[in-house]
Amino acid sequence: MTHAPHIQQPRHPRHRETVRRALGGTIEFRHFTGFDQLFAPHAHDYPVIGLVREGHRIMECNRTRYRLGPGQLLALNAGDAHRCVQEGATPLVYDSLALFDFHDCRPHR
């Protein structure tokens with residue numbers, strides 16, 4: 001499971017993405033640097049927790065808009081429909097933690 005199908009091109013020249021998995025692949029940590037493209041509307045079938053380190057984004061989740069900036073955390077339930085666009089000139093630096101195969105975290109309907 002990756003975020004790549006939801007990312008619209010082109011990528012910022014300094015774009016970097018690292019991925020690490022733990023606990024047999026049930027937890028995935030991603031670090032994005034130099035990220036300025038949009039996320040098309042999508043949902044995940046697993047919960048995601050994110051931390052914005054730099055940059056600003058406008059995120060729409062379940063038809064509500066949020067402005068995200070440095071130091072803010074976000075939490076997405078499995079099934080939350082969301083999308084995100086760049087705001088301002090500073091590319092996003094962002095960490096995310098995805099929780100796969102946690103039976104207590106079923107998709108939100």
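Since we're looking at a predicted model, the values are computed, not measured.
Between His56 and Arg67, the closest side-chain pair of non-hydrogen atoms falls below 4.5 Å. Phe32 has its side chain within reach of Ser96: a pair of non-hydrogen atoms, C-beta onward, lies under 4.5 Å apart. Counting heavy atoms from C-beta on, the side chains of Phe100 and Leu23 never come closer than 4.5 Å.
Rounded to the nearest 0.5 Å, atoms CG (Leu92) and SG (Cys84) are 7.0 Å apart. One distance of note links OG1 of Thr33 with CD of Glu54; it measures 8.0 Å at 0.5 Å rounding. Distance CD1/Ile58 to OH/Tyr66: 12.5 Å, rounded to 0.5 Å. Here the CZ atom belonging to Arg65 is positioned 6.5 Å from the CZ atom belonging to Arg83, to the nearest 0.5 angstrom. A distance of 6.5 Å separates CZ of Phe39 from CZ of Arg57, quoted to the nearest 0.5 Å. Rounded to the nearest 0.5 angstrom, Cys61 SG and Leu68 CG are separated by 10.0 Å.
Closest approach of Gly55 and Pro70 over heavy atoms only: O-CD, 3.4 Å.
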Exercise. Can Met59 and His82 be said to form a side chain to side chain contact (heavy atoms under 4.5 Å, CB included), step by step?
Worked result: CA-CA 7 Å; Met59 180 177 156; His82 61 285; 4.0 Å; yes
For this session: Walk me through it: do Tyr46 and Thr26 pass the test side chain to side chain contact (heavy atoms under 4.5 Å, CB included)?
Result: CA-CA 10 Å; Tyr46 47 85; Thr26 60; over 6 Å; no
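Here the rule is side chain to side chain contact (heavy atoms under 4.5 Å, CB included) with Pro47, and of Leu97, Leu76, Leu99 only Leu99 fits it.
Ionic pairing of Asp95 and Arg30 is not present here: no N-O contact between side-chain nitrogen and carboxylate oxygen is shorter than 4.0 angstrom. Of the charged side-chain nitrogens involved, none lies within less than 4.0 Å of a carboxylate oxygen, so that Arg20 and Glu28 do not count as a salt-bridged pair.
Put simply, Val93 and Leu51 are part of two different groups of oily side chains (I, L, V, M, F, W, Y) that touch within less than 4.5 Å, one to the next.
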